Amino acid sequence: MGGKKVCIVGSGNWGSAIAKIAGSNTARLSSFESQVNMWVLEEEVGGRRLTDIINTEHENVKYLPGHKLPPNVVAEPDLLKACAGADVLLFVVPHQFIGKVCDQLKGHVKKEAIGMSLIKGVDEGPDGLRLISDIIHEKLGIEMNVLMGANIASEVAEEKFCETTIGCKNMKHGQMLKDLMQTPNFRVSVVQEADTVEICGALKNVVAVGAGFCDGLGYGDNTKAAVIRLGLMEMIGFAKLFCKGPVTSSTFLESCGVADLITTCYGGRNRKVAEAFAKTGKVPPLHCCVSGLLRGKTCH
């Protein structure tokens with residue numbers, strides 16, 4: 001007891017993969033409380049409540065089947081109970097729900113709590129684009145950090161080696177978050193350009209659409225490589241205009257930048273749906289931003 005209390009806000013495949021890492025680390029590190037709460041939006045699976053299944057079988061059978069969660073990860077369907085007393089809040093909900101989640105949490109989290117967003121995307125509103133971390137900060141008033149990288153949830157859960165990037169303006173907190181997240185197979189780098197790290201997680205999806213068009217039109221690897229390179233240059237240019245504070249090219253060489261870009265342009269949903277659209281003129285029924293974009297709807 002006496003260590004920092006961790007709560008994971010979200011329990012999809014990415015949230016559950018992160019719970020596996022965070023639970024394992026808090027169980028062995030005295031700087032954290034062992035128990036990790038994970039907020040689960042309650043639903044029934046096979047006639048049983050999902051939270052009961054997770055807490056008895058230690059497996060999210062709906063969103064991350066086949067992977068055992070540490071027994072110190074506790075599923076809680078009540079958002080306020082899950083986050084009560086938390087010192088570290090890891091936000092891993094779909095971006096379209098973050099506003100409502102924060103509205104429920106307003107006034108119920110520690111003022112000195114530290115948040116970290118693992119949500120890739122941006123919000124579009126009447127005043128233009130906003131970072132997800134900024135929305136959380138504005139609503140809850142807590143210090144925010146971000147984690148972005150070439151991190152396909154299923155591969156992270158399978159403990160295949162990958163890297164990730166934490167954007168943290170306070171490097172003291174960055175070391176604490178690194179301790180919470182790093183494993184021998186999930187290697188963490190910490191940089192101070194948090195806004196740049198976060199915007200990379202959104203912009204790479206736009207480039208992946210172009211890569212998918214190349215695949216669907218049969219343009220070949222040379223053209224696709226050109227799209228990826230030019231897309232990276234556009235990402236850097238956009239970040240310099242959009243982000244607060246300095247933006248250095250070195251951040252784009254971290255996992256949040258070029259690595260995530262490559263992964264998404266070769267295996268992501270955005271690439272796949274763009275390829276299908278180029279081949280058929282139809283958009284598959286996928287719940288991703290490019291699906292809405294190609295249907296003429298606002299893309300977040």
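Numbers here simply count residues along the sequence, with the first being 1. These figures come from a predicted structure and were not determined experimentally.
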Q. Should we count NZ of Lys106 as having more than 12 external heavy atoms under 6.0 Å?
A. yes
Q: Determine the minimum heavy-atom distance between Asp78 and Glu76, stating which atoms define it.
A: N-OE2, 2.8 Å
(Q) If you compare all heavy atoms of Ala150 against all heavy atoms of Cys162, which two are closest, and at what distance to 0.1 Å? (A) O-CB, 3.9 Å
Q | Cluster check Met181, Ile136: I/L/V/M/F/W/Y, side chain < 4.5 angstrom | A | no
Q: Under the side-chain contact (heavy atoms from CB on, under 4.5 Å) rule, what do Phe277 and Phe213 come out as? Steps first, then yes or no, please.
A: CA-CA 8 Å; Phe277 181 78; Phe213 288 154; 4.0 Å; yes
Q: State whether the side chain of Asn55 and the backbone N or O of Ala75 hold a donor-acceptor pair below 3.5 Å, judged by distance alone.
A: yes
Q | Nearest heavy atoms of Cys214 and Thr223, plus distance in Å | A | SG-CG2, 3.9 Å
Q | Closest heavy-atom pair and its distance - Cys265, Ala208 | A | SG-CA, 3.7 Å
Q | Stepwise side-chain contact (heavy atoms from CB on, under 4.5 Å) test for Val88 and Leu177 | A | CA-CA 9 Å; Val88 181; Leu177 293 169; 4.0 Å; yes
Q: First locate atom CG of Leu203, then atom CG of Leu232, and finally report the distance between them rounded to the nearest 0.5 Å.
A: 10.5 Å
Q) Between His95 and Ile119, which heavy-atom pair has the shortest distance, and what is it? A) CB-CG2, 3.6 Å
Q: Hey, could you give me the OG/CG distance between Ser34 and Asn25, rounded to the nearest 0.5 Å?
A: 11.0 Å
Q | Val206 side chain reached by Glu234 side chain, heavy atoms, under 4.5 Å | A | no
Q: Group every Ile, Leu, Val, Met, Phe, Trp and Tyr by side-chain heavy-atom contacts under 4.5 Å, then state whether Val45 and Met38 land in the same group.
A: yes
Q) Is it true that Lys4 and Asp179 make a salt bridge, defined as a side-chain N closer than 4.0 Å to a carboxylate O? A) no
Q. Do Phe242 and Val247 come within less than 4.5 Å of each other through their side chains, counting heavy atoms only?
A. no
Q: Using atom types as modelled and distance alone, determine if a side-chain donor or acceptor of Asn72 lies under 3.5 Å from a backbone N or O of Gly23.
A: yes
(Q) Would you say that Asp87 contacts Ile114 through its side chain, given a criterion of any heavy-atom pair below 4.5 Å between the two side chains? (A) no
Q) Do the side chains of Leu118 and Phe186 join up, straight or via other hydrophobic residues, at under 4.5 Å, putting them in one cluster? A) yes
Q: Heavy atoms only: give me the nearest Leu89-Cys83 pair and the separation to one decimal.
A: CD2-SG, 3.9 Å
Q. Would you say Leu261 and Met235 make side-chain contact, with heavy atoms under 4.5 Å?
A. yes
(Q) Would you say Phe97 ends up clustered with Tyr63 if hydrophobic residues are merged whenever their side chains have heavy atoms under 4.5 Å apart, either directly or through other cluster members? (A) no
**Q.** Pairing of Glu159 and Lys20 as salt bridge, 4.0 angstrom limit
**A.** yes
Q) Can you check whether Val74's main-chain N or O pairs, donor with acceptor, with Gln35's side chain at less than 3.5 Å? A) no
**Q.** Within one Ile-Leu-Val-Met-Phe-Trp-Tyr cluster: Leu29 and Leu180, side-chain cutoff 4.5 Å
**A.** yes
Q | Ile135 vs Phe91 side-chain heavy atoms within contact, under 4.5 Å | A | no
Q: Report the C-alpha separation of Leu105 and Leu140 in whole Å, then their side-chain angles, then the decisive distance to 0.1 Å, and conclude whether the side-chain contact (heavy atoms from CB on, under 4.5 Å) test is met.
A: CA-CA 7 Å; Leu105 285 175; Leu140 302 183; 3.8 Å; yes
Q) Roughly how far apart are Trp39 CH2 and Leu90 CG, rounded to 0.5 Å? A) 14.5 Å
Q) Would you find more than 12 non-hydrogen atoms of other residues, nucleotides or ligands less than 6.0 Å from Asp103 atom CG? A) yes
(Q) Any heavy-atom pair between the side chains of Val92 and Ile8 that's under 4.5 Å? (A) yes
Q: Could you tell me the separation between the CG atom of Leu147 and the OG atom of Ser133, rounded to the nearest 0.5 Å?
A: 12.5 Å
Q. When rounded to the nearest 0.5 angstrom, what distance separates OH in Tyr266 from CZ in Arg271?
A. 10.0 Å
Q: Indicate whether any N or O donor in one side chain lies under 3.5 Å from an N or O acceptor in the other, for Glu163 and Ser189.
A: no
(Q) Test your reading of the model: is there a side-chain donor-acceptor pair from Glu42 to the backbone of Thr51, 3.5 Å cut-off? (A) yes
Q) Okay, side chain of Lys62, backbone of Glu44: is any donor-acceptor separation there less than 3.5 Å? A) no
**Q.** Residues Asn60 and Ser11: side-chain donor-acceptor under 3.5 angstrom
**A.** no
Q) Linking Ile, Leu, Val, Met, Phe, Trp and Tyr through side-chain heavy atoms less than 4.5 Å apart, which residues share a cluster with Met148? A) Val146, Val191, Val197
Q | Lys160 side, atom NZ; Ile152 side, atom CD1 - distance, nearest 0.5 Å | A | 9.0 Å
Q. Does Ser255 reach the main-chain N or O of Thr165 with its side chain, forming a donor-acceptor pair under 3.5 Å?
A. no
Q) For Lys81, does the NZ atom sit with more than 12 other heavy atoms under 6.0 Å from it, leaving out its own atoms? A) no
Q: Please examine the side chains of Glu59 and Ile53, heavy atoms only from C-beta on, and report whether any two atoms are closer than 4.5 Å.
A: no
Q) Are side-chain heavy atoms of Arg187 and Gln182 found at a separation under 4.5 Å? A) yes
Q) Does atom CE of Met171 have more than 12 heavy-atom neighbours from other groups under 6.0 Å away? A) yes
Q: Could you walk me through whether Thr56 and Arg48 pass side-chain contact (heavy atoms from CB on, under 4.5 Å), step by step?
A: CA-CA 11 Å; Thr56 57; Arg48 299 173 61 193; 3.4 Å; yes
